[in-house]
Amino acid sequence: MAYTFEILIVIIGIIYGYIKPGKEDRSALLKKGIVIGIILGAIMVILGLFGGREILLLGSLVGAAVFIEVIILAVLFIIGTYIGDMLEHKS
């Protein structure tokens, strides 16, 4: 049950890769994922700054965790697009 969101991301990537004609630009998808991760991580750290010294540590940890999770989800999405492109090519 813990991996439901990750499986959903892979399925969405497969659908995206299958429906969108041609090969996907996977490096651009990864770059967008990194940018989104940096932005969300920075937002968490900034929110931690407003909470005081104790909250700053928590905000920094949450920001790092959000950044890592977004990168993992971007990689899973890219894997899904690869599978979708393979299915598109076979049909």
Side-chain angles (χ1 to χ4, degrees):
M1 187 79 173
Y3 300 109
T4 306
F5 189 64
E6 286 82 1
I7 293 170
L8 182 65
I9 293 294
V10 172
I11 291 171
I12 291 171
I14 291 171
I15 293 170
Y16 179 81
Y18 184 76
I19 291 176
K20 190 168 180 190
K23 294 243 181 221
E24 315 319 323
D25 186 8
R26 291 181 182 87
S27 63
L29 289 173
L30 184 61
K31 287 177 187 176
K32 287 179 186 177
I34 290 172
V35 169
I36 291 170
I38 290 171
I39 291 170
L40 289 175
I43 289 171
M44 293 298 161
V45 171
I46 290 170
L47 289 174
L49 284 172
F50 290 122
R53 198 179 302 173
E54 302 83 30
I55 302 295
L56 178 59
L57 177 62
L58 181 62
S60 298
L61 293 175
V62 171
V66 167
F67 174 73
I68 292 169
E69 183 65 26
V70 168
I71 299 303
I72 290 171
L73 293 176
V75 169
L76 289 174
F77 184 79
I78 291 169
I79 290 169
T81 61
Y82 181 73
I83 294 169
D85 280 342
M86 286 178 23
L87 293 173
E88 177 189 0
H89 182 67
K90 289 188 179 196
S91 64

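Not measured: the values here are computed from a predicted model.
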Legend entry - ILVMFWY cluster, Ile12 and Leu87 together (side-chain gap under 4.5 Å): yes

Inset, instruction - Answer yes if Ile9 and Ile68 sit in the same cluster of Ile, Leu, Val, Met, Phe, Trp and Tyr residues linked by side chain heavy atoms under 4.5 Å apart, and no otherwise. - result: yes

Inset, instruction - Enter the distance from Ile11:CD1 to Glu6:CD here, rounded to the nearest 0.5 Å. - result: 12.0 Å

Inset, instruction - Using the side-chain contact (heavy atoms from CB on, under 4.5 Å) rule, pick out the option among Leu40, Ile38, Ile39, Ile34 that qualifies with Ile36. - result: Leu40

Legend entry - Residue pairs fulfilling salt bridge (charged side-chain N to carboxylate O under 4.0 Å, His left out) with at least one residue in residues 38-48, sequence neighbours excluded: none

Legend entry - Presence of salt bridge, Asp85 and Arg26, under 4.0 angstrom: yes

Inset, instruction - Examine Tyr82 and Leu8 and state if one hydrophobic cluster contains both, with Ile, Leu, Val, Met, Phe, Trp and Tyr joined whenever side-chain heavy atoms are less than 4.5 Å apart. - result: no

Inset, instruction - Give the cluster check for Met86 versus Ile15: same hydrophobic cluster or not, with ILVMFWY residues linked at side-chain heavy-atom distances below 4.5 Å. - result: no

Inset, instruction - Supply the atom-to-atom distance Phe77 CZ to Leu30 CG, rounded to the nearest 0.5 angstrom. - result: 12.0 Å

Inset, instruction - Report the distance from atom NE2 of His89 to atom OH of Tyr18, rounding to the nearest 0.5 Å. - result: 13.0 Å

Legend entry - Qualifying residue, where the test is side-chain contact (heavy atoms from CB on, under 4.5 Å) with Ile14 and the options are Ile83, Ile79, Ile19, Thr81: Ile83

Legend entry - Shortest non-hydrogen contact from Ala74 toward Gly33: CB-CA, 4.0 Å

Inset, instruction - Kindly indicate whether the side chain of Glu69, heavy atoms from C-beta on, has any atom under 4.5 Å from the side chain of Leu73. - result: yes

Legend entry - From OH (Tyr3) to CG (Leu76), nearest 0.5 Å: 11.0 Å

